[in-house]
Amino acid sequence: MYGTIDGFNYGATTPLAAYLMACLGGALGLRCTARSVRTQRSWKPGWLALGSASIGSGIWTMHFIAMMGFHVKETPVGFDIPTTLLSLLVAIVVVGIGVFMVGYRGVSRGVLLSAGVFTGLGVAGMHYIGMSAMRMQGHLEYSVPTVLLSVLIAVVAATAAVWAAVTIHGFRASLGSSMVMGVAVTGMHYTGMAAVSVRLDDVLGASVGGNAPASLILPMLIGPVIFLVVAGTIIMFDPLLVLGEGEWNQKKADSSRLPPPLPRPVWPARPPEDPVQAPASRPAPPHGGRKYGGW
């Protein structure tokens, strides 16, 4: 017997929130990756590590926001916390391999293709490890062709996002690549969910192990706050990260072409004071200036 699955238990709220989180993590991570290509070697590991953690955390947060809307009518659903955290670690590490490849091996076609493959596999690995963390009175079964399609979507879209991030500079390119990355993550997620069916156990018990999805709300809220703080800090102190090298250099060139400031006026020196002293004024006569004769 198979269970009745509803992947949109809260309507469009969870898919939209999941997509926004994927775009946020992708925007920060891809811009950090692009910044590492044009920075000094001493700063490169920091940018790449921040990019890897941002993309990995973003897709992990996206996954569990989307899973808030996953519901099986015949059985409650829980999550095993250690396996859930393992999915986060896998996402950061595997995505980090692709990110560090771009940072240290350049932006050639072969490197970008390899980086996109690793990034897409990181997205897919996070998804299916996260799915294995589910606890219910039954077990999951997958349609292999749909699973392969979901992995292909993740790899192709992730490759396109990495290519756009490091080859097309500027704010619009950053926004576009992050939206493509969001499509890669959410598209892969819901395609993978379409491959799922739940075969229920013959005897349904009263409870299942693991934590309910509601208990994962706090980590989901912490993630977006951290992203916003980090993104705001980086934007504040490094405008090149948002504008891109081309727009930032154009802005500096425009400022250098401004007309020079007007010279300060040079006032003539003050003439020396007249050495001749003015005669001392005589005191006014009494009684309003009138003189009165004697009697």
Q) Quick one: does Leu88's side chain get under 4.5 Å of Ser57's, heavy atoms only? A) yes
Q: Indicate yes or no: at least one non-hydrogen side-chain atom of His71 is less than 4.5 angstrom from one of Phe8.
A: no
Q: Can you tell me which residue pairs pass the side chain to side chain donor-acceptor pair (under 3.5 Å) test with a partner in residues 145-158, sequence neighbours excluded?
A: Tyr128-Ser150, Ser143-Thr146
Q) Does the side chain of Tyr2 reach to within under 4.5 Å of the side chain of Glu141, using non-hydrogen atoms? A) yes
Q) Quick one: do Trp163 and Val180 end up in the same hydrophobic cluster if we chain Ile, Leu, Val, Met, Phe, Trp and Tyr together by side-chain heavy atoms under 4.5 Å apart? A) no
Q: Could you tell me the separation between the CG atom of Leu28 and the CG atom of Leu50, rounded to the nearest 0.5 Å?
A: 5.0 Å
Q) Do side-chain atoms of Glu74 reach the backbone of Thr4 as a donor and acceptor pair under 3.5 angstrom? A) yes
Q. Does Thr119 use its side chain to pair, donor to acceptor, with the backbone of Gly116 at less than 3.5 Å?
A. no
Q | Pairwise side-chain contact, Leu48 with Tyr104, heavy-atom cut-off 4.5 Å (strictly under) | A | yes
Q) Are side-chain heavy atoms of Trp47 and Ser52 found at a separation under 4.5 Å? A) no
Q. Counting N and O atoms only, with roles assigned by atom type, does the side chain of Lys73 sit under 3.5 Å from a partner on the main chain of Ile5, one being a donor and the other an acceptor?
A. no
Q) Which distance, rounded to the nearest 0.5 Å, do you find between the CE of Met68 and the CG of Asn9? A) 9.5 Å
Q) Taking all atoms of both residues into account, what is the closest heavy-atom pair of Ala18 and Met62, and its distance? A) O-CG, 3.0 Å
Q) From Leu20 CG over to Thr61 OG1, what is the distance, rounded to the nearest 0.5 angstrom? A) 12.5 Å
Q.
Return the CD1 to CG distance between Ile55 and Leu24, rounded to the nearest 0.5 Å.
A. 11.5 Å
**Q.** Ser87 side chain vs Thr84 backbone, donor-acceptor pair below 3.5 Å
**A.** yes
Q: Determine, using the 4.5 Å side-chain heavy-atom cutoff (strictly less than), whether Val77 and Leu200 are members of one ILVMFWY cluster.
A: yes
(Q) Any side-chain to backbone donor/acceptor pair from Thr186 onto Tyr19? Under 3.5 Å, distance only. (A) no
Q. Is there a path from Leu121 to Leu148 through hydrophobic residues (I, L, V, M, F, W, Y) whose side chains come within less than 4.5 Å of each other?
A. no
Q | Closest non-hydrogen atom pair between Thr75 and Gln137, with its separation | A | OG1-N, 3.1 Å
Q: Rounded to the nearest 0.5 Å, what's the gap from CD1 on Ile129 to CG on Leu85? Could you check?
A: 12.0 Å
Q.
According to a hydrophobic-cluster definition based on side-chain heavy atoms being under 4.5 Å apart (Ile, Leu, Val, Met, Phe, Trp, Tyr only), do Met1 and Leu140 belong together?
A. yes
(Q) So which atom in Met188 and which in Ala124 form the shortest heavy-atom distance, rounded to 0.1 Å? (A) CE-CA, 3.7 Å
Q | Close side-chain approach of Phe100 to Phe118, heavy-atom, < 4.5 Å | A | no
**Q.** Pairwise side-chain contact, Phe70 with Met193, heavy-atom cut-off 4.5 Å (strictly under)
**A.** yes
Q. Roughly how far apart are Ser197 OG and His139 NE2, rounded to 0.5 Å?
A. 8.0 Å
**Q.** Shortest non-hydrogen separation from Ala22 to Gly182 and the atoms involved
**A.** CB-CA, 3.8 Å
Q: Quick one: name the residues clustered hydrophobically with Ile153, using the 4.5 Å side-chain heavy-atom rule over I, L, V, M, F, W, Y, and just say none if it's on its own.
A: Leu149
Q: Return the minimal non-hydrogen interatomic distance between Gly125 and Val90, and the atom names on each side.
A: C-CG1, 4.5 Å
Q. Are Leu152 and Tyr142 co-members of a hydrophobic cluster defined by side-chain heavy atoms under 4.5 Å apart?
A. no
Q) What pair of heavy atoms forms the shortest contact from Ile59 to Gly122, and how long is it? A) CD1-O, 4.3 Å
Q) Do Val196 and Met131 come close enough that some side-chain heavy atom pair is under 4.5 Å? A) yes
